[in-house]
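As structure tokens, the structure follows; a few thoughts come after it.
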Amino acid sequence: MNVKPKTIWFGVVVLVSVVVVYSIVRTSSPTRSTEMNFTQFMQEVEQGAVREVTIADSQVAGRLTSGERFRTYIPMEYPELLDMLRRQRVVVRGEPGGPSGWVTGLIGMLPFLLLIGFWIFFMRQMQAGGRGAMSFGKSRARLLTPNQKKVTFKDAAGVDEAKEELKEIIEFLKEPQKFQKLGGRIPKGVLLVGPPGTGKTLLARAVAGEANVPFFSISGSDFVEMFVGVGASRVRDMFEKCKKNAPCIVFVDEIDAVGRHRGAGLGGGHDEREQTLNQLLSEMDGFESNEGVILMAATNRPDVLDPALLRPGRFDRRVVVPRPDVRGREGILAIHTRRTPLSQDADISVVARSTPGFSGADLANLVNEAALNAARLNQKSVSMEDFETAKDKVVMGAARKSLIISDQEKRVTAYHEAGHALVATMVPGADPLHKVTIIPRGLALGVTQQLPVDDRHTYPRAYLEGQLTVLMGGRLAEELFLDTMTSGAGNDIERATEMARQMVCKFGMSRLGPLAFGKQEELIFLGREISQHRDYSEATAQAIDKEVQEFVMQAYERAKQIITGSENALPRIAEALLKHETLDAADIKALVAGRLLPDRPAPRAEPLAEKPEPAPADDGLQPIPVHPQEKPAPA
């Protein structure tokens with residue numbers, strides 16, 4: 001434990017003070033002696049047994065000729081006592097009553113001195129952390145010097161375009177004269193926009209590391225307090241500190257916490273958050289670009305920011321930090337596996353191709369989960385199977401091997417997933433099938449996973465119709481081969497209906513023409529709320545419902561033709577799933593072609609077996625399988 005020197009000295013001073021006061025009080029108190037009543041004392045005097053006495057007010061302390069000490073009290077004024085003591089030749093001494101005045105005063109002031117000392121101690125400890133009452137309006141920005149945890153562009157991958165745009169910032173911080181002699185000025189503010197986990201904070205730190213300048217980091221929520229004026233005071237203090245450390249970079253994470261549209265609340269213009277935003281706008285206009293203070297901010301909701309914050313002269317440049325493509329994912333995996341020993345079969349390029357849509361944070365979590373899985377199995381390196389297990393855990397959830405389900409439910413799940421797998425294999429243009437499993441994961445009893453060959457940015461109509469057909473395969477397998485309908489297809493039907501409605505109302509792919517129906521509006525009141533505005537007539541609503549139904553039913557009939565035209569392929573897939581529980585794309589193709597699957601080795605055993613969970617109570621509802629790999633049309 002790291003104890004500050006001030007804390008040690010304060011404890012020493014308190015301990016010494018207590019010892020001194022205790023010594024003074026003990027010294028001023030009388031020596032331990034025998035209590036004697038006044039009558040007995042007079043008898044001892046008359047018998048000549050008293051050698052000496054000390055009189056202090058009404059208290060008499062002395063010593064007998066035998067050496068024993070005694071103490072007694074005079075009940076009232078007794079002037080004859082001195083005459084009697086003088087006749088018996090007793091040595092008499094006189095002392096003022098009670099302890100001295102300064103000792104009494106010190107003892108009385110001791111509690112107050114201790115309270116004041118402890119108050120000063122706690123106030124200093126609180127102020128040392130920047131959270132004391134005396135620093136309430138001070139900035140909470142954390143300063144990272146160039147020598148602390150230096151991050152460079154080598155630690156960031158998958159954002160090549162963003163790094164190119166930020167290189168100008170680095171060149172200006174290193175050589176400002178290069179731009180100033182031509183009359184150019186560097187942007188005062190740079191806004192990093194992108195989904196969560198794409199590396200916006202990492203990029204800002206990399207810019208500071210490349211430029212070798214101080215880096216101030218703060219969150220937008222650190223400015224907002226319940227007391228009006230505190231946030232504005234912190235903004236002023238932050239910019240004053242930055243100007244003293246110029247050239248430097250100020251990074252404000254989640255700036256939408258303080259930079260939202262003004263007027264979005266009950267407080268009006270007197271709201272604390274709006275006062276803080278007003279001060280931030282004023283400060284961004286209050287320094288020149290040649291001062292070397294560059295404000296960088298990050299948000300994943302640029303649409304809620306106030307327009308005055310985004311105008312030229314404040315945030316002049318907007319840098320988009322998107323999700324990485326396949327090459328970017330491979331670079332990110334290479335960075336995160338630098339300290340992870342990989343086996344010979346581990347190929348990060350294959351992992352990168354099989355993780356479309358993953359952000360940098362998702363890939364870091366994937367590598368960590370793979371390393372944890374390898375360590376759990378007492379391996380010395382991370383294998384490809386560990387990456388596959390980690391990917392399944394991240395995408396679909398952890399395997400619920402202890403869940404006890406009946407044979408009938410397991411059979412229904414097997415035929416349901418076999419229907420998805422067969423249709424996904426036979427539909428042209430669909431994403432290639434990757435894996436089918438009936439091992440419960442997360443909230444699903446089974447999962448059919450498809451992985452695209454390349455990253456998709458637009459979705460053709462044929463592709464969306466193929467996805468609708470795949471979604472219908474599970475329900476049709478239940479109907480055709482088990483003569484039943486279960487709630488397991490509820491999620492498939494919901495997603496198919498939503499996808500068909502987007503094709504009609506948003507993408508203009510129906511016979512209603514290239515028209516958009518149902519505009520989404522964002523209401524500014526206590527934040528932002530999204531509402532659906534109906535801007536079409538009742539007749540148009542009926543036509544939309546008819547088109548949606550036609551898209552879904554066409555996919556239903558198409559899936560039915562595929563399943564019935566494949567002879568006994570679906571039962572073979574379902575029985576193989578019941579036997580092996582997990583099948584890959586090669587297994588499915590072999591079963592569709594009529595070939596039998598070879599025997600496979602038993603899966604790797606876990607070092608510690610989990611206790612099985614008790615069977616859940618039957619409430620009449622089946623868990624709804626989900627298919628996270630089947631991506632719907634973009635919202």
Side-chain angles (χ1 to χ4, degrees), residues 1-138 140 227:
M1 183 175 63
N2 187 14
V3 182
K4 297 181 179 180
K6 292 183 178 179
T7 305
I8 298 176
W9 280 110
F10 181 79
V12 171
V13 171
V14 172
L15 181 61
V16 171
S17 302
V18 171
V19 171
V20 170
V21 172
Y22 176 75
S23 301
I24 294 174
V25 173
R26 184 172 182 179
T27 304
S28 61
S29 63
T31 308
R32 186 176 182 84
S33 57
T34 303
E35 190 75 24
M36 182 184 296
N37 57 46
F38 187 72
T39 302
Q40 185 180 358
F41 168 67
M42 294 299 295
Q43 292 175 358
E44 295 290 345
V45 172
E46 292 175 356
Q47 295 174 4
V50 179
R51 177 182 301 177
E52 59 183 20
V53 295
T54 301
I55 302 176
D57 290 343
S58 62
Q59 182 178 0
V60 178
R63 187 170 55 175
L64 302 177
T65 56
S66 61
E68 181 183 0
R69 293 185 177 276
F70 67 90
R71 184 176 69 253
T72 186
Y73 296 90
I74 303 174
M76 60 187 70
E77 293 186 2
Y78 195 73
E80 295 82 0
L81 176 61
L82 293 177
D83 296 336
M84 184 181 297
L85 292 173
R86 188 167 52 253
R87 288 196 301 268
Q88 297 293 336
R89 297 182 179 181
V90 178
V91 179
V92 180
R93 297 185 181 90
E95 289 185 359
S100 60
W102 68 273
V103 174
T104 304
L106 181 60
I107 295 175
M109 294 177 60
L110 182 61
F112 299 100
L113 293 176
L114 290 177
L115 288 177
I116 294 174
F118 278 114
W119 182 79
I120 295 174
F121 170 73
F122 284 117
M123 288 300 298
R124 287 184 176 179
Q125 292 298 312
M126 294 173 64
Q127 291 182 15
R131 309 249 177 202
M134 301 303 178
S135 61
F136 199 69
K138 300 296 182 181
R140 296 183 179 179
F227 303 107

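Start at 1 with the first residue, then count along the sequence.
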Donor-acceptor pairs under 3.5 Å, side chain of residues 37-46 to any protein atom, not counting sequence neighbours: which ones?
residue, atom, partner, partner atom, Å
N37, OD1, T39, N, 3.4
N37, OD1, Q40, N, 2.6

- Is there a side-chain contact (heavy atoms from CB on, under 4.5 Å) between L64 and V50 once you walk through the steps? CA-CA 4 Å; L64 302 177; V50 179; 3.9 Å; yes
- Note on the structure: Rounding to 0.5 Å, atoms OG1 (T72) and CD (E35) come to a distance of 6.5 Å
- Item | Partner residues of E52 under the salt bridge (Lys or Arg N to Asp or Glu O under 4.0 Å) criterion, sequence neighbours left out | R63, R93
